[in-house]
Amino acid sequence: MVHTEKAYAKLNLSLDILGRRSDGFHDMRMVMQSIDLADTITISVQQEPGLCLTADLPFLPKGSGNIAAKAAARFFEQTRLPVPGLAIDIQKRIPVCAGMAGGSSDGAAVLRLLRRICSPELSRERLEEIGALTGSDVPYCVRGGTVLAEGRGERLTDLPDLPCCWLVVCKPPCSVSTPELFALVRIKRLRFHPRTDEMLSALERGDLEGVARRLYNVFEDVLPRRYSQVFEIKSRLLELGAMAASMTGSGPTVFGLFRDKGAAENAAEALSIVFPSTFFCAPTERTV
């Protein structure tokens with residue numbers, strides 16, 4: 001039997017770094033939003049034992065180096081269920097190395113599929129715990145929707161849905177090293193921090209303008225000059241009518257928040273002429 005699941009990309013409406021932890025990770029405080037830009041994950045149960053992983057991008061790792069395969073291994077390790085033969089196929093649409101948790105979302109989709117196939121009674125909380133053993137963004141990607149993520153990203157609090165809006169997501173043709181950006185962060189030297197509590201209040205009120213005014217990502221403060229296209233795209237999105245624009249994750253992807261659908265569609269079309277990895281998107285609700 002064949003089972004299919006969408007793996008939705010995430011955006012950071014806000015991203016704050018509070019400090020470095022004793023375990024080497026950083027304490028984060030982030031408002032996350034899933035969007036309808038998605039990979040497609042297919043799992044087929046096979047008679048022959050073992051895991052076979054395929055993808056439509058030849059450079060993606062096919063073995064344990066792929067987070068989707070790692071998620072499958074963690075699932076059976078933690079549930080102690082018998083391991084069937086599995087064929088996992090990944091059809092990518094989320095750009096790689098983009099700050100949108102594409103790999104983590106693939107892993108989360110695998111976890112949701114394996115729960116459906118092997119253990120429907122497994123709770124969402126337990127699935128997220130297994131996700132946390134797989135990667136910092138995986139617990140959020142298991143859940144999706146509008147969420148406050150704290151700690152390494154594993155402490156999740158559901159928030160009211162983002163008010164009706166449209167998003168234009170644009171990835172310039174470069175990649176940013178996440179470890180490099182973390183190494184550049186000096187908490188006391190950061191010029192600004194997101195006003196996260198004010199964003200939470202705006203979400204409670206259903207105030208899209210209030211959310212837009214509080215979009216911010218502290219990684220923009222330390223982004224090296226060679227990534228100047230990030231700021232060029234932000235400026236262009238604002239010129240094209242975005243209420244606000246921000247980088248997501250460790251970049252380099254930038255998104256603009258739009259109230260008007262037509263303006264967002266026009267902006268996506270205009271940006272795609274220069275940046276082919278431009279997408280017109282909408283927010284999605286929680287997946288579990």
Side-chain angles (χ1 to χ4, degrees), residues 1-10 25 32-94 96 100-158 283-288:
M1 186 173 291
V2 177
H3 305 264
T4 300
E5 181 83 357
K6 291 293 186 183
Y8 295 103
K10 68 87 183 170
F25 291 96
M32 315 269 258
Q33 177 63 54
S34 54
I35 58 174
D36 60 1
L37 175 64
D39 297 341
T40 301
I41 309 299
T42 302
I43 290 183
S44 304
V45 179
Q46 310 286 314
Q47 288 189 345
E48 294 199 8
L51 171 65
C52 172
L53 191 145
T54 57
D56 61 346
L57 295 181
F59 55 81
L60 289 182
K62 301 299 190 295
S64 59
N66 191 298
I67 198 166
K70 184 178 177 182
R74 286 282 183 267
F75 180 88
F76 290 108
E77 171 190 287
Q78 293 296 309
T79 60
R80 299 184 180 180
L81 292 167
V83 183
L86 294 175
I88 300 175
D89 181 67
I90 304 173
Q91 297 295 306
K92 292 294 292 182
R93 188 161 179 257
I94 305 169
V96 298
M100 290 192 284
S104 295
S105 186
D106 293 346
V110 166
L111 292 177
R112 291 195 301 270
L113 280 170
L114 291 177
R115 179 176 71 165
R116 186 192 310 167
I117 297 166
C118 304
S119 185
E121 73 284 355
L122 196 69
S123 69
R124 181 189 76 180
E125 291 75 17
R126 183 63 182 128
L127 202 64
E128 290 172 359
E129 289 173 3
I130 297 171
L133 298 172
T134 309
S136 295
D137 281 339
V138 178
Y140 166 73
C141 292
V142 166
R143 186 180 304 197
T146 313
V147 168
L148 175 67
E150 299 176 283
R152 289 194 296 119
E154 81 285 3
R155 296 201 331 259
L156 305 177
T157 304
D158 289 338
T284 63
E285 297 179 355
R286 282 179 281 281
T287 51
V288 293

According to the salt bridge (Lys or Arg N to Asp or Glu O under 4.0 Å) rule, which pairs have a member within residues 74-86, sequence neighbours left out? R74-E77
Pairs flagged by salt bridge (Lys or Arg N to Asp or Glu O under 4.0 Å) wherever residues 58-68 is involved - sequence neighbours left out: none
For residues 117-124, tabulate all N or O donor-acceptor pairs below 3.5 Å that involve a side-chain atom, not counting sequence neighbours.
unit_1, atom_1, unit_2, atom_2, d
S119, OG, E121, OE2, 2.9
S123, OG, R126, N, 3.0

For the residue pair [X] and [Y], what are the closest heavy atoms and their distance?
| X | Y | value |
| --- | --- | --- |
| P283 | Q33 | CB-NE2, 3.5 Å |
| A109 | A7 | CB-CB, 3.8 Å |
| P139 | G153 | CB-O, 4.5 Å |
| A149 | M32 | CB-CG, 4.0 Å |
| C141 | A101 | SG-CB, 3.9 Å |
| A68 | I90 | CB-CD1, 3.9 Å |

Starting at [atom1] of [X], measure out to [atom2] of [Y] and round the result to the nearest 0.5 Å.
| X | Y | atom1 | atom2 | result |
| --- | --- | --- | --- | --- |
| L111 | E129 | CG | CD | 12.0 Å |
| L86 | I43 | CG | CD1 | 6.0 Å |
| L127 | T79 | CG | OG1 | 10.0 Å |
| L156 | E125 | CG | CD | 10.0 Å |
| E285 | T146 | CD | OG1 | 8.5 Å |
| I94 | I35 | CD1 | CD1 | 7.5 Å |

Which residues satisfy the side-chain hydrogen bond (donor to acceptor under 3.5 Å, both in side chains) test with [X], sequence neighbours excluded?
| X | answer |
| --- | --- |
| D36 | none |
| S105 | none |
| E5 | R112, R116 |

List the residues meeting salt bridge (Lys or Arg N to Asp or Glu O under 4.0 Å) with R155, not counting sequence neighbours, and say none if there are none. none
Excluding sequence neighbours, so at least two apart, what forms side chain to side chain contact (heavy atoms under 4.5 Å, CB included) with A72? I88, V110, L114
Test side chain to side chain contact (heavy atoms under 4.5 Å, CB included) applied to T4 - qualifying residues, sequence neighbours left out: V2, T40, T42
Contacts under 3.5 angstrom, residues 44-56 side chains, donor-acceptor by atom type, not counting sequence neighbours:
unit_1, atom_1, unit_2, atom_2, d
T54, OG1, D89, OD1, 2.7
D56, OD1, K92, N, 3.0
D56, OD2, K92, N, 3.4

Per the side chain to side chain donor-acceptor pair (under 3.5 Å) rule, what does the pair list look like for residues 134-144, sequence neighbours excluded? E128-R143, S136-R152, R143-D158
